[in-house]
Amino acid sequence: MDLLRRIPKIDKLLNEATCQRLLTVHPRQVVLAAVRQVLEALRSAARLGTLQAGELESAAVSASIERCLADSEAFSLRRVVNGTGVVLHTNLGRSSLAPRLREQLLDIAFNYSTLEYDVSTGERGSRYSHVEQLICQLTGAEAALVVNNNAAAVLLVLTAMATGREVVVSRGELVEIGGSFRVPDVMRQGGAILREVGTTNRTHLHDYRNAITGQTAMLLKVHCSNFAVVGFTAEVPVAELAALGRECGVPVVADIGSGNLMEWQGVPGMNEPRVQDYLAAGIDLVTFSGDKLLGGPQAGIIAGRASLVNPLKKHQLLRALRVDKLTLAALEGTLRLYRDERQAWAEIPVLRLLRLTAAELKIKGQQVVRRVRRELPGTVDITLVPGVSQVGGGALPLAELPTWLLAIRSTEYSAREFEEGLRRQPVPVIGRIARGDFLLDLRTVADQDWLVVIDGLRAVTA
Ligand SMILES: *Cc1c(COP(=O)(O)O)cnc(C)c1O
């Protein structure tokens, strides 16, 4: 109670040197908010009995106010260094874009653009036209459409093509992707009636055939992106499913998740289906994400037969799912890189990082270890240990990506202190703790990011 009474009054604090100085650079509202926040924290600590007398000293209160203000000034959405080794880390923004796109993105962001304007006719154009041809060239589709994300793509397809009618899906494909995308729920949202066929582990062509009636709107294949069924299993090859659909006059749609366009020879477990193979096998419509294996911005791409895609372009729901110019600029830029496969492998970060071999990462790691050791006190021990990176993004759960990790330990600081200290830097460095070491995966930390890591480690050990 005594401490509670000794907490300074707001007016007194505002008149002190620290606040007076802060008021010369920050708006009054901002300083006031920081002071209030600090006082509130002191009061609640006093009530809980956890407040130390030292925390009420003038210098300590001033420092808290400055820290609070600095925190409130920092952007909430900001870059981080990804040391987790998860290449498509959904919480860290999934794929990062090819550096070559920077100029183009700035140009579109800070100027007017041809978003819905056709310069050849001087008339209104379509925002969807900028990437449609590229998608068709790369995948063999007749037509294509881009929406907010793959969840939106599936929702639009179901709403437009299957409201009030039946959608036939294998029981083994009623998947959940990251909690908020669950096939039965999206189906309900789209007004479609789910017609489950087969069993969890085995579904046959005759299961689909027996389910087709006059009420059937489509056969839907959903890629099991984030899990694997092994053992006594059977699924219907896409070409057979496509042939069945054709024979019965029912469209066959595939949600293929990742949007992979490449052949991943030499990377074990990278057996993600390619968009162009599904379409070549006769699937009528595919949907996939822009920011998984494709390595572009968040987007959902619908590609396939013109007779099915074109009606979607006129659907009411599309307006609510539409993408903005920055997404389109990033997607066009990314897709252009795919026109030359070597350029795609070299420049699209997701493709480049997933192909890095353990031998390449080890060489890189040895250089990093030397550099980091030079910059840090001798009490911090930096070593290189082998490990495994993950594809992430709910893709390829079985892919094995052997890697090398920087292991950081010290007799003076715990792994927890390194983890938390680096996470709280102006550019947060995100790593993990295993067996008492703090670990950073060489695969996902870019060369120029090591400067940030070194600064962070210096700050933690200062
Ligand atoms: C990832 C994924 C989705 C969701 O895609 P978003 O682009 O994240 O909306 C849907 N279906 C499958 C099969 C997926 O792998």
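Scope of the values below: all heavy atoms of this structure, side chains included, with no hydrogens, waters or symmetry mates. Indexing begins at 1, ligand by ligand and atom by atom, following the structure's order.
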Please name all residues satisfying side-chain contact (heavy atoms from CB on, under 4.5 Å) with Pro428, sequence neighbours left out, ordered by chain then number.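 Pro428 satisfies side-chain contact (heavy atoms from CB on, under 4.5 Å) with Arg78, Val80, Ile430 only.
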side-chain contact (heavy atoms from CB on, under 4.5 Å) involving Ala151 - partner list, sequence neighbours excluded: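 Counting only residues at least two positions away or on another chain, Ala151 forms a side-chain contact (heavy atoms from CB on, under 4.5 Å) with Asn149, Phe181.
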Could you check whether Asn150 and Thr287, counting side-chain N and O atoms only, form a donor-acceptor pair closer than 3.5 Å?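 Yes, a side-chain donor-acceptor pair sits under 3.5 Å.
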Do Thr357 and Glu360 have side-chain atoms, one donor and one acceptor, less than 3.5 Å apart?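 Yes, Glu360 and Thr357 have a side-chain donor paired with an acceptor closer than 3.5 Å.
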Tell me, which pairs form a ring-ring contact (aromatic ring centres under 6.0 Å, His included) where one or both residues lie in residues 106-149, sequence neighbours left out?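 Found none.
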Sidechain-backbone polar pair: Asp449 side chain, Val453 backbone, donor-acceptor under 3.5 Å: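 Answer holds: no.
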What residues sit with at least one heavy atom under 4.0 Å from ligand 1?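 The 4.0 Å shell around ligand 1 contains Arg94, Asn149, Asn150, Ala151, Ile177, Phe181, His223, Ser225, Asp255, Gly257, Ser289, Lys292.
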